[in-house]
There are 2 protein chains.
Amino acid sequence: MDTADLLERSYPGRRAELKRDIFHKALSLFNEQGIEATTIEMIRAECDTSVGAIYHHFGNKEGLVAALFFTALEDQARLRDAYLDAADTTEKGVQALVFSYVDWVEQQPQWARFQYHARFAVTKGPFKDELAERNKTRNLRLRQWLTQSGRAAELQDLPAELLPSLIIGQADSYCRAWLAGRVKGSPSAYREVLAQAAWRSIRAEGLAEN
Amino acid sequence: MDTADLLERSYPGRRAELKRDIFHKALSLFNEQGIEATTIEMIRAECDTSVGAIYHHFGNKEGLVAALFFTALEDQARLRDAYLDAADTTEKGVQALVFSYVDWVEQQPQWARFQYHARFAVTKGPFKDELAERNKTRNLRLRQWLTQSGRAAELQDLPAELLPSLIIGQADSYCRAWLAGRVKGSPSAYREVLAQAAWRSIRAEGLAEN
DNA sequence: TCCGTTACAGAATAATGTTCTGTAACGGAA
DNA sequence: TTCCGTTACAGAACATTATTCTGTAACGGA
């Protein structure tokens with residue numbers, strides 16, 4: 001399960017060959033050199049194609065960035081929903097969110113790294129509306145889980161807008177540190193610790209929980 | 001306590017007037033338009049100066065970004081160290097880290113937002129060595145606190161490289177959400193909740209703690 | 001007052017993003 | 001199979017933007 005697999009999944013077929021290749025090479029370059037520092041010419045050379053081809057498929061550099069970003073978001077959400085579907089208790093749900101997050105980051109470090117760095121550009125740029133649109137539908141399953149009836153009883157009395165950060169914040173922070181090379185242990189090696197930490201921080205204070 | 005104050009603090013004196021102005025205006029533009037989308041010409045026009053002046057002070061666009069980034073980091077650390085010095089227990093220390101983080105973000109939203117978005121570029125670019133250098137000295141106080149003797153007894157048995165993320169991850173996540181406009185409540189309004197959550201997630205399991 | 005240094009101006013240049021026009025490959029319809 | 005609209009690609013021309021360079025003015029200590 002690597003970058004190539006993700007691309008086959010999202011853009012299958014022979015006719016999308018070059019498109020996948022541009023995706024793949026651009027992703028690497030953006031991550032290695034930085035987004036600004038990567039020129040269209042570099043991508044063109046790496047893919048042994050023409051600028052025309054790149055602009056044909058993606059419109060412009062911003063479009064390429066946005067397309068990569070959306071692809072990453074969608075793939076990550078796919079895994080998250082799968083994990084969430086298998087969780088039958090609140091604690092398991094929290095675990096599912098943390099596990100799916102760190103597992104995906106570790107399976108797709110390239111895409112994860114890029115996602116972190118491209119978010120701002122996409123949020124500001126001309127694709128911000130499309131982003132908001134996609135967010136809405138992509139996070140349906142998550143929102144449904146969060147607001148499921150009876151959830152509140154198992155959790156502390158917390159502002160709803162705080163919940164996502166409380167659940168995923170620590171894992172997210174560690175993943176960033178790992179991708180930046182500031183720490184060595186892989187995120188998924190700590191998945192239980194991270195899930196535990198999240199759960200301990202939001203669960204209602206029971207008497208006999210561990 | 002706003003952007004202007006921060007600048008007076010970091011670059012005082014009359015002769016740094018234009019430099020401060022460039023900082024100030026560039027920061028706003030970078031945040032509003034995005035870093036790539038902001039041209040030197042825009043900054044020049046906004047400051048009513050010349051490109052020569054900008055390049056004289058900062059070398060190039062990357063240098064300007066790096067200078068802004070370093071300024072933000074240093075100011076944030078200043079507040080953190082101040083809070084940390086006043087904390088006399090482990091729990092208070094965790095609280096100090098969370099409080100200083102959210103308070104600074106709320107006092108300096110412009111700088112905070114920029115910091116998030118510029119990190120990658122600086123990490124990759126020609127200033128990465130200077131960044132690593134500065135990180136080392138800037139985080140001295142923090143590292144000292146983290147490794148202070150007796151700390152481990154009050155905390156769960158956790159990998160050291162996980163600690164920073166466990167303490168600050170949730171607050172960090174919420175700050176990002178707030179700066180991006182995804183949530184409404186200001187970070188410092190939730191400072192106690194966030195500090196509590198962090199503490200609950202890492203403290204050793206006592207019997208009679210609340 | 002002199003003089004080296006720093007601060008700034010703005011035209012010239014270079015690097016890079018984008019457009020545009022043309023050509024080839026594709027794939028269904030007749 | 002042939003035709004034809006559509007999609008895929010090529011690469012030169014163009015536009016925008018970053019950067020350099022040369023010159024001038026202000027500063028500040030000797």
Side-chain angles (χ1 to χ4, degrees), chain A residues 7-8 10-30 32-69 117-118 120-122 124-127, chain B residues 7-8 10-30 32-69 117-118 120-122 124-127:
Chain A
L7 282 170
E8 295 288 353
S10 303
Y11 303 90
R14 205 198 96 256
R15 300 207 59 183
E17 218 165 352
L18 175 58
K19 191 164 186 171
R20 284 198 302 274
D21 196 43
I22 296 175
F23 264 129
H24 186 195
K25 303 282 176 53
L27 180 63
S28 295
L29 284 169
F30 284 151
E32 288 159 18
Q33 320 278 332
I35 295 177
E36 318 195 43
T38 301
T39 69
I40 298 291
E41 165 60 20
M42 292 179 192
I43 300 172
R44 187 208 61 74
E46 195 74 14
C47 298
D48 196 29
T49 179
S50 65
V51 293
I54 298 175
Y55 278 84
H56 169 69
H57 283 293
F58 302 104
N60 54 23
K61 191 176 173 183
E62 229 171 351
L64 173 53
V65 169
L68 280 166
F69 185 67
H117 301 139
F120 177 61
V122 179
K124 291 289 172 186
F127 293 89
Chain B
L7 282 171
E8 296 287 354
S10 303
Y11 303 90
R14 204 197 96 255
R15 301 206 57 184
E17 218 165 351
L18 175 59
K19 192 165 185 170
R20 284 199 301 273
D21 196 43
I22 296 175
F23 263 129
H24 187 195
K25 303 283 176 53
L27 180 62
S28 295
L29 284 169
F30 284 151
E32 288 159 17
Q33 321 278 332
I35 295 178
E36 316 195 45
T38 301
T39 71
I40 299 291
E41 165 60 19
M42 292 180 192
I43 300 172
R44 187 209 60 74
E46 194 74 16
C47 299
D48 195 30
T49 179
S50 66
V51 293
I54 298 174
Y55 279 84
H56 169 68
H57 283 292
F58 303 103
N60 55 25
K61 190 175 172 181
E62 227 170 353
L64 173 54
V65 169
L68 280 167
F69 185 66
H117 301 139
F120 176 63
V122 179
K124 291 290 172 186
F127 293 89

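Note on naming: letters A, B, ... go to the chains in the order of the sequence lines (proteins, then strands), and numbering restarts at 1 for each one. This is a predicted model, so every value here is computed, not measured.
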Item to check | N/O (side chain, A:His57) to phosphate O (OP1/OP2, D:dC9) under 4.0 Å | outcome: yes
Item to check | Nearest-Å distance for atom pair CG/C1', residues A:Leu18 and D:dA10 | outcome: 12 Å
Checklist entry - Starting at the 5' end of DNA chain D and moving along, which residue's nearest nucleotide shows up first, B:Glu36 or A:Val51? => result A:Val51
Checklist entry - Which heavy atom of B:Glu46 sits nearest a heavy atom of B:Leu29, and at what distance? => result CB-CD1, 4.3 Å
Next on the checklist: Using side-chain heavy atoms (C-beta onward) and a distance below 4.5 Å, is B:Asn60 in contact with B:Leu64?
Outcome noted: no
Item to check | Spacing of A:Ile54 atom CD1 relative to D:dG11 atom C1', expressed in whole Å | outcome: 12 Å
Item to check | Nearest-Å distance for atom pair CZ/C1', residues B:Arg15 and D:dA25 | outcome: 12 Å
Checklist entry - Among the nucleotides D:dT19, D:dC9, D:dA8, which one has an atom lying closest to any side-chain atom of B:Lys61? => result D:dT19
Checklist entry - Touch check for A:Arg44, heavy atoms < 4.0 angstrom, all strands: base, sugar-phosphate only, or nothing? => result nothing
Item to check | Counterpart base for D:dA30, defined by Watson-Crick or G-U wobble contacts under 3.5 Å | outcome: C:dT1
Item to check | Given C:dA9, D:dA8, C:dT16, the nucleotide with the shortest approach to the side chain of B:Ser50 | outcome: C:dA9
Next on the checklist: In this structure, how many angstroms lie between the C1' atom of C:dG10 and the CG atom of B:Asp48, rounded?
Outcome noted: 14 Å
Checklist entry - Under 4.0 Å between a side-chain N or O of A:Thr49 and OP1 or OP2 of D:dA10? => result yes
Checklist outcome for this item: Partner of D:dA25 under the Watson-Crick or G-U wobble criteria, both distances under 3.5 Å, comes out as C:dT6
Item to check | Separation of atom CG in A:Asp21 from atom C1' in D:dC9, rounded to whole Å | outcome: 14 Å
Checklist outcome for this item: Judged by nearest nucleotide, the residue sitting upstream toward the 5' end of DNA chain C, B:Gly52 or A:Asn60, is B:Gly52
Item to check | Under 4.0 angstrom between B:Arg14 side-chain N/O and D:dC27 OP1 or OP2 | outcome: yes
Item to check | Atom-to-atom span, CD1 of A:Ile40 to P of C:dT18 - whole angstrom | outcome: 6 Å
Item to check | Side-chain heavy-atom pair B:Glu62, A:Glu36 within 4.5 angstrom cut-off | outcome: no
Checklist entry - Do A:Ile40 and A:Tyr55 have side chains that get closer than 4.5 Å, going by heavy atoms? => result yes
Checklist outcome for this item: Pairing partner of D:dC14, by Watson-Crick or G-U wobble and under 3.5 Å for both distances, is C:dG17
Item to check | Aromatic plane relationship, B:Phe58 with B:Phe23 - under 30° parallel, 30 to 60° tilted, over 60° perpendicular | outcome: perpendicular
Checklist entry - Within the structure, does a side-chain N or O atom of B:His56 lie under 4.0 Å from either OP1 or OP2 of C:dT6? => result no
Next on the checklist: From CD1 of B:Ile35 over to P of D:dT17, roughly how many Å is that when rounded to an integer?
Outcome noted: 17 Å
Item to check | Nucleotide D:dT20, atom C1' - distance to CZ of B:Phe58 in whole Å | outcome: 18 Å
